[in-house]
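Counting starts at 1 for both ligands and their atoms, in listed order.
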Amino acid sequence: MKRIFIVVLLSLFLMQAQSQNKVLSPTPPMGFMTWNYFGVDFNEDDLKTIADVMVEVGLVDLGYNYIFIDDGWQGGRDNKNNMIPDPKKFPSGIKALADYLHKRGMKLGIYSDAAQLTCAKYTASLGFEEQDAKTFAVWGVDYLKYDYCNAPQDVNTAKKRYKKMADALRNSGREIVFSVCEWGNRKPWEWAASIGGQLWRTTADIRDKWASYAPTNDELHRHGAGIFDILNINANLDEYAKKGAWNDPDMLVVGLYGKKGPSGDLGGTGCTDIEYQTQMSLWCMMSAPLMITCDVRNMNEATKQILMNEDIIAIDKDELGKQAKRVVKNKQWNVFVKELKNGEYAVAVLNVSDKPSKSNFYLSELGLKDKYLAQDVWTKKKYKCFTKVKQNFAPHETKVYRLKKK
Ligand code: GLA
């Protein structure tokens with residue numbers, strides 16, 4: 001009897017330890033986020049249609065399995081202080097939407113803020129962390145983006161407020177991925193994983209443009225951060241990323257083409273398809289979350305080709321979970337090397353300049369000393385003996401090669 005008791009106790013203990021050690025988001029989360037396309041103007045039918053299209057065109061099969069609801073879903077609190085959705089936008093409630101998605105192999109992300117009001121001035125979670133986390137769990141929510149508008153500037157308060165929600169989510173009875181969104185202002189890469197976050201934004205909000213070239217994150221908040229500005233911050237943070245703990249350089253602007261709305265502000269007048277392909281390439285090299293924000297119901301061929309290239313997605317989702325290192329950085333070129341499973345590598349070369357340019361990099365200069373077979377991830381061209389990247393590049397173009405030892 002005593003023995004059985006001990007065995008039961010031991011297995012309970014082991015189960016507990018296992019669930020605490022479980023990596024909640026072993027690959028970077030992927031899906032569709034409402035913010036850049038809809039702003040705060042969306043409803044349950046919009047999101048169901050988006051989900052249906054994502055299943056139909058094959059985005060879900062490729063791994064884009066989340067609908068991330070951003071700011072604007074909230075309808076305040078009921079007389080028991082439970083958070084409720086805007087009844088006009090979500091007449092069937094959030095649980096019904098979560099059920100709808102789960103039936104289709106998808107997941108639901110939701111949004112709140114560590115203050116009384118969110119960035120767009122909707123009801124937020126400060127003081128109601130446990131209650132809101134339970135509500136999200138009961139609804140079947142799988143992910144929470146937790147913003148930091150209207151909250152004090154200091155890092156200690158930020159850590160405290162984020163930990164409070166992380167703990168509440170962990171005790172909510174459901175596995176909910178926690179996304180820390182304080183825009184890199186307080187170096188979240190140094191603390192977000194240890195307080196219970198699976199990803200953390202590293203910069204100001206992305207706009208649909210190549211670059212403002214503002215030198216600091218502070219100034220990027222004012223001038224608008226483009227793809228290249230964000231790359232320049234996020235690329236330096238490779239050592240902080242690992243399986244289940246990701247740098248988040250913000251949403252994909254691929255396919256927005258200067259659409260009005262949040263990504264259209266602060267000079268977000270749109271990018272070329274080459275620049276969009278560069279964003280996809282480098283976000284995947286950096287093991288970034290992939291949040292599509294263009295209208296997936298009306299993607300053109302170029303947008304589909306960029307977002308739905310399974311070889312580049314495989315680099316993002318690689319099992320090792322390592323973010324690429326930037327091994328060359330000058331006015332003309334950036335070169336990235338990412339270690340992949342089975343001793344493979346991905347190499348990405350970006351022409352930073354505004355002119356067409358020809359590269360000439362020996363792999364041995366990049367620290368890759370073996371003989372390799374290679375494939376260009378975008379053109380699919382194969383190389384039997386790949387020793388250097390000698391190629392013509394359009395302005396802002398990135399080429400990516402997957403290398404296998406010979
Ligand atoms: C902040 C975030 C954005 C978005 C908006 C919503 O600006 O950084 O990603 O969530 O709030 O209001």
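Residues forming a salt bridge (Lys or Arg N to Asp or Glu O under 4.0 Å) with Asp318 (at least two apart in sequence, or on another chain): none.
A cation-pi arrangement is absent between Lys338 and Tyr345 under the rule of less than 6.0 angstrom and at most 45 degrees off the ring axis.
No more than 12 heavy-atom neighbours from other residues, nucleotides or ligands sit within 6.0 angstrom of CD on Glu319.
Around ligand 1, the residues contributing at least one heavy atom under 4.0 Å from the ligand are Trp35, Asp70, Asp71, Tyr111, Cys119, Ala120, Lys145, Asp147, Cys181, Trp183, Arg201, Asp205, Met251.
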Indicate every side-chain donor-acceptor pair of residues 56-67 with a distance under 3.5 Å to a residue at least two apart or in another chain.
{"unit_1": "Tyr64", "atom_1": "OH", "unit_2": "Leu307", "atom_2": "O", "d": "2.7"}

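Identified under the side-chain hydrogen bond (donor to acceptor under 3.5 Å, both in side chains) test for residues 226-239, with sequence neighbours left out: Thr202-Asn234, Ser212-Asp229, Asn232-Arg326, Asn236-Arg326, Asp238-Lys325.
Electrostatic pairing of Asp311 and Lys380 counts as a salt bridge here, judged by a charged N lying under 4.0 Å from a carboxylate O.
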